[in-house]
Each structure stands twice: as C-alpha cells, then as structure tokens.
Number of protein chains: 2
Amino acid sequence: MQKGSLYAHIAGKQELLYETMLVGARAFHAALDELPERAPATERIRLALRAHLRLVADQLDVATVFVREWRSLDAERRDEILAERRRYEERIRALFREGREGSELRTDLDENAAALLFLSAANWAYTWLHPGEDTDAVADAFFGLLVDGMRGYDTPV
Amino acid sequence: MQKGSLYAHIAGKQELLYETMLVGARAFHAALDELPERAPATERIRLALRAHLRLVADQLDVATVFVREWRSLDAERRDEILAERRRYEERIRALFREGREGSELRTDLDENAAALLFLSAANWAYTWLHPGEDTDAVADAFFGLLVDGMRGYDTPV
DNA sequence: CCTCCTACCGAACGATCGTTAGGCTGTTCA
DNA sequence: TGAACAGCCTAACGATCGTTCGGTAGGAGG
C-alpha cells in the first residue's frame with residue numbers, strides 16, 4: 001500500500017497514532033481485568049507480569065509505539081493516553097499494596113518503589129523481546145527475583 | 001543560535017548524534033571504572049546502580065538520546081555504539097556473577113535475569129527521573145528490593 | 001588603525017513528509 | 001448487463017528539515 005492510500009481509512013497521522021495507542025492502552029487494561037480476583041496478591045502480580053510481557057511480545061510494534069511515541073501526540077490526546085497509563089500504574093501499585101496489607105509481602109514494603117521496579121522490567125521489555133517469543137518463563141524468573149530477592153534460598157513467611 | 005550556525009562546529013546531524021552517544025557511552029563506562037575494586041560484589045552493585053541513576057538524572061537529555069535514538073545511526077556507527085552498550089551490560093552481568101561465585105548471592109542465581117532486571121530499572125529511569133534529582137535514595141531502595149526481595153524481613157547469609 | 005579570526009546570522013537549495021484529489025480496478029448487487 | 005462502491009495507485013501541493021554559503025559583528029594582535 002502506498003502512503004496516500006492510507007487517507008481513505010484515517011483522518012491523518014495524529015489520528016492514526018492516537019488510535020494505535022488506544023488499542024495498546026485497552027489491551028494492557030484488559031490483561032489486568034482478566035486476573036483471577038480471588039487469587040493471592042502475589043499470584044496476581046506474577047500473572048500480571050506474565051500478561052504484560054506476553055502482550056509486549058505479541059504486539060511488539062504496538063508496544064514500542066505505546067512506550068516511545070506518546071510525546072508526539074497533541075496536548076489533549078497525550079493527556080488522555082497519559083491518564084490511562086497512570087491508571088495502569090496505579091493498578092499495579094494496588095497489587096503490591098494488597099500484598100503488603102494481606103501480609104504476603106513485608107509490612108515495610110515501599111509499594112511505589114516496588115511498582116516502579118515491576119513497571120521498569122515490564123516497560124523496558126520492548127527493547128530486548130523478540131516478536132512472538134514465549135515470555136512466561138522470563139516473567140516467572142523476574143517475579144522470583146523481585147519477590148524472593150537474590151540472597152540465600154529462604155522464602156520466609 | 002540558528003540551526004545553520006551549527007555547521008561551523010559539526011559535520012552533520014549524524015555526526016552530532018554519534019558524538020553525543022559517544023559522550024554517553026564513555027560516561028557510563030567511566031562510572032563503572034570508578035567502583036572500588038576491593039568492595040564486595042553486592043556493594044559494587046549498589047554503587048553501580050547509584051552511579052547509573054545519578055548519571056541519568058544529571059544528564060537527562062544525553063541519557064534520553066542514548067536510550068532512544070541509537071536506531072537513527074547509520075549501520076557502522078550503530079554497531080559501534082551497540083557494542084559499547086553490550087560491553088556495559090556484560091560488566092553488570094559480571095558483577096552478579098561475582099556475587100554468586102563469592103557466595104554473596106544465591107548459588108542458583110540466573111545472572112542474565114538478574115542483570116536484565118538491574119538494567120531495566122536503570123535504563124527505564126530516564127522516563128520518570130527529573131533533571132538533577134537526587135537519586136541515591138531511589139537507587140538504594142531498588143537495590144534493597146532486588147537483593148532482599150519483597151517477602152519477609154530476613155537477609156539470610 | 002588595520003587585519004585576521006571566531007562565531008553567528010539568514011537566505012536559499014534540494015529532499016522528504018503529510019496530505020489531497022483524481023483516476024483505475026475489481027467486486028457486489030439490482 | 002450495468003451501476004454503485006470499496007480499495008488502492010499516482011501525481012502533485014505546501015510545509016518542514018538538513019545543509020550550504022555569503023555576509024557580518026566583535027574581539028585579538030600587530
């Protein structure tokens with residue numbers, strides 16, 4: 001398809017970028033929606049990380065745009081997309097908060113730092129994941145490091 | 001300064017990008033060079049994370065270019081920059097390997113996953129750090145989460 | 001005072017980009 | 001059969017971008 005033919009389907013470049021990012025935002029939220037509500041918080045964290053990495057690997061191009069190009073949106077649309085992103089981050093933060101409040105995680109856990117570390121691993125993945133790669137094992141490895149750390153073998157309750 | 005005036009100092013846009021990235025690459029390697037050789041691996045990991053985040057906050061613009069724009073380099077220069085980046089990543093990986101081999105870290109530690117998690121936190125920082133922000137506390141918080149995990153209180157030896 | 005030299009200005013070039021509009025082809029349905 | 005329509009092509013537009021180049025203001029040194 002030639003570049004001019006695009007304009008039979010979209011209103012313009014901005015519109016195309018915005019639609020693409022909406023698809024991305026909705027996909028990430030949908031992944032969180034499908035977490036089992038009754039599972040322990042740590043298990044939901046593990047599954048959330050799996051879902052996030054799977055989404056990035058399955059739709060690497062959308063994920064890359066979603067992470068890198070939100071600056072190019074005009075002010076109004078950028079605010080909307082950023083709000084969706086902040087809402088996603090808050091949902092992740094809530095998982096860690098629940099884990100702490102339910103005593104699955106240490107009571108002095110800094111949920112902001114924890115969520116930021118989770119999101120760093122999740123969002124950086126677009127730079128090294130290959131399209132379509134199976135990511136569950138990687139997600140579980142990350143989860144293990146995050147939750148149990150790198151020292152010793154124990155998993156104290 | 002007008003855009004045309006730039007060309008009294010540089011050969012072209014590619015050259016400017018390349019020089020900027022060289023500055024960035026050298027700065028990151030220099031930070032690792034200054035780690036205390038005789039300190040325990042975990043301590044060097046902590047200091048490396050501190051140094052990385054400090055560099056990102058101090059030179060946020062260079063760090064952003066370094067992370068986001070290497071794709072725009074022509075093949076030859078991109079390869080050179082990517083080689084430097086891989087060398088940096090390998091130096092980080094070596095820290096975790098030393099930590100494991102010196103029994104500071106668990107003997108079944110996956111040094112690749114550990115380094116990737118470290119680098120995710122470090123490289124993603126350009127998206128949320130404010131220029132000039134003091135980052136030592138954040139780095140130590142990340143380090144604590146990475147090394148000791150999020151469960152329990154103990155730090156088994 | 002005159003002469004370099006440095007550093008920047010500002011107009012202009014070709015190339016590329018986003019966008020428009022008119023035309024062509026093949027399919028659908030009366 | 002033929003009209004309507006969907007989907008893509010192609011040429012062309014204005015705007016922007018990277019780059020060049022002649023000019024100029026101001027300071028340094030003789």
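From a predicted model like this one, the values you see are computed outputs, not experimental measurements. Proteins come first, then strands; the chains are lettered A, B, ... in the order of their sequence lines, and each starts at number 1. Scope of the values below: all heavy atoms of this structure, side chains included, with no hydrogens, waters or symmetry mates.
Nucleotide C:dT19 holds its C1' atom 12 Å from the NZ atom of A:K13, rounded to whole Å. Between the CD1 atom of A:I10 and the C1' atom of C:dT19 there is a distance of 10 Å, given to the nearest Å. One interatomic measurement links the two molecules: CD of B:E15 to P of D:dT19, which rounds to 11 Å at whole-angstrom precision. Rounded to a whole Å, the CE atom of A:M1 is 14 Å from the P atom of C:dG18. The separation between A:L16 atom CG and C:dT19 atom P is 10 Å, rounded to whole Å. For B:K3 and C:dA12, the NZ to P distance is 13 Å, given to the nearest whole Å. A straight line from CG of A:L6 to C1' of D:dC9 spans 13 Å, rounded to a whole angstrom.
The phosphate of C:dC8 (OP1 or OP2) has a side-chain N or O of B:H9 nearer than 4.0 angstrom. Proximity of B:Q2 to the phosphate of C:dC8: no side-chain N or O atom is located under 4.0 Å from OP1 or OP2. For C:dT19, one of the phosphate oxygens OP1 or OP2 lies less than 4.0 angstrom from a side-chain nitrogen or oxygen of A:Y7. Checking the phosphate oxygens (OP1, OP2) of C:dC9, a side-chain nitrogen or oxygen of B:S5 falls inside 4.0 Å.
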### Query
Passes ring-ring contact (aromatic ring centres under 6.0 Å, His included), B:Y88 versus B:H52? Steps please.
CA-CA 11 Å; B:Y88 183 77; B:H52 191 119; 5.6 Å; yes
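B:R87 has no carboxylate O lying under 4.0 Å from a charged side-chain N of B:E90, or vice versa, which leaves the two without a salt bridge.
Enclosure of atom CZ in B:R71 by more than 12 non-hydrogen atoms of other residues, nucleotides or ligands within 6.0 angstrom is indicated.
Looking only at distances, a side-chain donor or acceptor of B:R68 sits under 3.5 Å from a matching main-chain atom of A:R68.
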